[in-house]
Amino acid sequence: MTQSLAAVVLCAGKGTRMKSERAKVLHPILGRPLAWYPITSAFELGAQQVVAVVGHQADDVKQALTQGFPGQPLQYALQATQRGTGDAVSAARGALTGFNGAVLILYGDVPLLTVGTLQRLLAAYNPAKGPLAMISCRLADPTGYGRVMRGEKQRVEGIVEHKDATPEQRQITEVNAGIYVVESKFLWGALERLTPQNAQGELYLTDIVAQASKVGEVAVVEAPAEETAGVNDRAELAERAEVIRARINLRHLRAGVTLTHPASTFIDAGVEIGPETTIGPNVSIHGECEIGAHVIIDQGAVLTHTTVGDGAHVKPYSVLEEAVVGPRCHVGPFARLRPGTVLEEDVHVGNFVETKKARLRKGTKAGHLAYLGDADIGPGCNIGAGTITCNYDGVNKHETVLGSGVFVGSDTQLVAPVRVGDGAFIGAGSTITEDVPAGALSMSRTPQTIKEGWAERRRKVLAGLKQG
Ligand code: UD1
Ligand code: CA
């Protein structure tokens with residue numbers, strides 16, 4: 001196809017059957033709003049202009065979609081009142097002023113159409129023969145859909161909506177998928193000629209098919225029913241999400257990622273994973289995660305907006321959010337990395353360790369039971385079990401800074417703001433409120449006392465009291 005391509009994606013409808021406060025096209029599937037999927041296909045097909053027609057909750061829809069397509073030329077057109085699919089496409093006319101070529105029309109609530117099927121549609125479109133090509137599919141139960149009307153020699157003559165169809169027409173099982181490619185000049189002219197003389201009193205986009213059949217041949221590409229299915233309620237949303245989840249998993253499997261149990265693996269659309277990485281059962285990877293090569297993410301881990309470097313190992317049931325895990329780090333089991341955590345290379349964070357806004361520099365280890373918040377630690381530190389940075393004074397947060405090779409004994413509280421110099425030692429059980437110079441030993445616990453025979457004397461005293 002040599003003609004230039006633009007796309008119009010209809011996103012204005014309310015989606016009443018979703019029973020939601022949120023516009024239908026904003027309901028997420030694997031980390032992206034529903035309408036992100038068809039819009040992505042339009043860009044992948046090489047559309048120079050993509051116009052999303054918005055109406056219901058227009059501002060929210062625009063904001064979410066703009067976020068989903070940073071730096072891409074996504075445009076918006078407003079359809080203030082929803083007078084039908086034909087009216088919706090007309091709303092995009094202004095945004096496409098000066099455009100001459102093929103206009104691909106997609107629905108914002110039909111997320112499963114593959115680029116391959118759309119390429120077949122574009123290949124079937126031949127403006128020399130007719131100004132419109134469309135996608136149909138065969139359904140065992142066509143209820144609710146527009147039916148494809150064929151006449152002599154199977155020539156397509158139009159679409160009749162279910163609500164307008166006669167009982168005989170309702171027997172037709174070839175339905176309109178609602179996806180078309182149309183020559184722009186013909187499209188704008190045909191839309192002007194639409195009238196709302198139909199059962200729903202709407203301007204039906206489907207009526208342009210009959211118009212196209214009068215000036216040429218309507219090309220039809222049949223697509224698998226799975227691809228053309230839309231989302232009308234939350235049950236259908238869940239069904240479509242399941243297909244997208246399986247597709248994403250398959251893409252990673254084919255790219256060299258092992259998923260030990262794909263049926264329980266949830267990987268969002270925006271996640272990148274390097275080769276030779278293994279993802280265990282019941283793992284969820286949300287948002288914009290980047291996972292390196294030769295990584296192991298074990299059972300039950302949940303990662304959100306997190307980067308994991310090559311060769312790292314995230315052990316079972318760890319929860320990581322907006323964190324950076326460097327190469328060859330070990331995390332968990334049962335670790336919690338909160339936003340702002342940066343683990344440089346070869347860092348170990350063990351079970352029941354919580355970090356927040358903390359940088360653990362190269363080779364630092366915090367093996368067990370610690371809270372490290374607002375901290376800059378290492379390289380090469382050893383953080384004992386039960387260490388806590390007391391970062392909050394009730395009003396403000398303060399920072400704890402540990403130099404290189406610091407040894408923090410178990411059960412230490414570091415009361416921020418506080419700094420510990422390179423190579424210093426903190427005795428176990430200390431509450432550190434003053435800065436510790438490099439190379440020093442600091443302890444703050446009371447000196448240990450020993451009273452020989454004390455236990456026996458006490459036992460006797462207590463026994464005497466009881467007799468008396
Ligand atoms: C439409 C087709 C039908 C086809 C079916 C396939 C028409 C008249 N009918 O019916 O032949 O079989 O899709 O799924 O086109 N929208 C707007 N503004 C409006 C109306 C709709 O933006 O004024 C958007 C909706 O948000 C939705 C899409 O257009 O994304 C389809 O609208 P919908 O009302 O669901 O059309 P159907 O009745 O399903
Ligand atoms: Ca619909």
Side-chain angles (χ1 to χ4, degrees), residues 7-18 20 22-27 33-39 42 51-58 61-62 65 76-93 95 105-113 132 134-139 141-149 156 158-165 169-170 172-180 182 187 190-191 194-211 218 220 222-223 225-233 236-237 240:
V8 175
V9 187
L10 305 190
C11 302
K14 181 167 189 254
T16 311
R17 281 175 284 168
M18 297 295 283
S20 177
R22 177 149 57 160
K24 174 162 65 175
V25 292
L26 291 189
H27 280 258
L34 180 52
W36 182 86
Y37 291 92
I39 295 172
V51 184
V53 177
V54 296
H56 187 72
Q57 293 185 3
V61 174
K62 276 197 219 176
L65 292 179
Y76 300 96
L78 184 69
Q79 185 198 23
T81 44
Q82 279 77 64
R83 288 194 223 91
T85 47
D87 179 59
V89 176
S90 298
R93 187 172 180 172
I105 299 167
L106 301 171
Y107 287 173
D109 59 359
V110 178
L112 300 182
L113 269 172
L132 184 146
M134 57 173 282
I135 294 182
S136 79
C137 70
R138 306 224 173 236
L139 297 181
D141 177 12
T143 309
Y145 287 86
R147 308 298 206 283
V148 179
M149 307 292 295
V156 171
I159 308 289
V160 60
E161 288 305 296
H162 181 88
K163 286 185 179 148
D164 299 283
Q169 289 168 331
R170 288 188 181 179
I172 299 171
T173 56
E174 186 185 13
V175 304
N176 171 32
I179 310 295
Y180 325 82
V182 194
L187 175 64
L191 290 173
L194 295 180
T195 63
Q197 264 79 61
N198 52 56
Q200 300 181 78
E202 290 183 357
L203 295 171
Y204 287 167
L205 177 62
T206 42
D207 288 348
I208 69 170
V209 176
Q211 294 190 48
V218 173
V220 180
E222 214 179 293
E226 182 196 81
E227 287 192 30
T228 59
V231 171
N232 291 306
D233 59 25
E236 289 179 353
L237 182 76
R240 309 303 164 249

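Read the numbers this way: they start at 1 and go in the same order the structure lists the ligands and their atoms. Hydrogens, waters and symmetry mates play no part in the numbers below; they use all other heavy atoms, side chains included.
- Shown in contact with G146 at under 4.0 Å from a heavy atom are these atoms of ligand 1, numbered in order with element: 3 (C), 4 (C), 11 (O), 12 (O).
- The shortest N or O to N or O distance between G13 and ligand 1 is below 3.5 Å.
- Geometrically, ligand 1 and L10 share a nitrogen or oxygen pair separated by less than 3.5 Å.
- Checked by distance only, ligand 1 and I159 stay at 3.5 Å or farther apart across all their nitrogen or oxygen atoms.
- Heavy atoms of T206 come nearer than 4.0 angstrom to ligand 1 in at least one pair.
- For G84, the closest heavy-atom approach to ligand 1 falls below 4.0 Å.
- On a distance-only criterion, L205 and ligand 1 share no N/O pair closer than 3.5 Å.
- Between T228 and I179 there is no side-chain heavy-atom pair separated by less than 4.5 Å.
- With T85 contributing its side chain and L205 its backbone, the two residues share a donor-acceptor pair below 3.5 Å.
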**Q.** Verdict with reasoning, L191 to R93, per side-chain contact (heavy atoms from CB on, under 4.5 Å)
**A.** CA-CA 10 Å; L191 290 173; R93 187 172 180 172; over 6 Å; no
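- The distance from ligand 1 to the heavy atoms of R83 drops below 4.0 Å at these ligand atoms: 23 (O).
- Ligand 1 has no N or O atom lying under 3.5 Å from any N or O atom of Y145, backbone or side chain.
- Q211 places a side-chain N or O within 3.5 Å of a backbone atom of A190 that can act as its donor or acceptor partner.
- Taking distance alone, with nitrogen or oxygen atoms compared against 3.5 Å, T85 approaches ligand 1 more closely than that limit.
- Checked by atom type and distance alone, the side chain of K24 never pairs as donor or acceptor with a backbone atom of M18 at under 3.5 Å.
- Of the polar atoms of D109, at least one N or O is found under 3.5 Å from an N or O of ligand 1, judged by distance alone.
- Taking any N or O of A88, backbone or side chain, none lies under 3.5 Å from an N or O belonging to ligand 1.
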Q: Could you give me the CA-CA distance, side-chain angles and deciding distance for D164 and Q169, then say whether side-chain contact (heavy atoms from CB on, under 4.5 Å) is met?
A: CA-CA 9 Å; D164 299 283; Q169 289 168 331; over 6 Å; no
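- Looking at ligand 1, you'll find an N or O of N176 within less than 3.5 Å of one of its N or O atoms.
- Within ligand 1, counting atoms from 1 as listed, the ones closer than 4.0 Å to a heavy atom of Y107 are 1 (C), 2 (C), 13 (O), 15 (O), 28 (C), 31 (C).
- Remark: distances from the non-hydrogen atoms of D87 to ligand 1 are all 4.0 Å or more.
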(Q) Using side-chain contact (heavy atoms from CB on, under 4.5 Å), reason through I159 and Y204 one step at a time and then give a plain yes or no. (A) CA-CA 10 Å; I159 308 289; Y204 287 167; over 6 Å; no
Q: Determine, stepwise, if the pair V53 / V9 fulfils side-chain contact (heavy atoms from CB on, under 4.5 Å).
A: CA-CA 6 Å; V53 177; V9 187; over 6 Å; no
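- The heavy atom nearest to atom 2 (C) of ligand 1, out of those in E161, E202, H162, is found in E161.
- Pairs of residues two or more places apart, or lying in two chains, that qualify as salt bridge (Lys or Arg N to Asp or Glu O under 4.0 Å) and include a residue from residues 80-91 are R83-D87.
- Distances between N or O atoms of Q79 and those of ligand 1 include at least one value under 3.5 Å.
- Side chains of Y76 and V61 form no contact here, defined as non-hydrogen atoms less than 4.5 Å apart.
- Here the side chain of R170 pairs a donor or acceptor atom with the backbone of H162 at under 3.5 angstrom.
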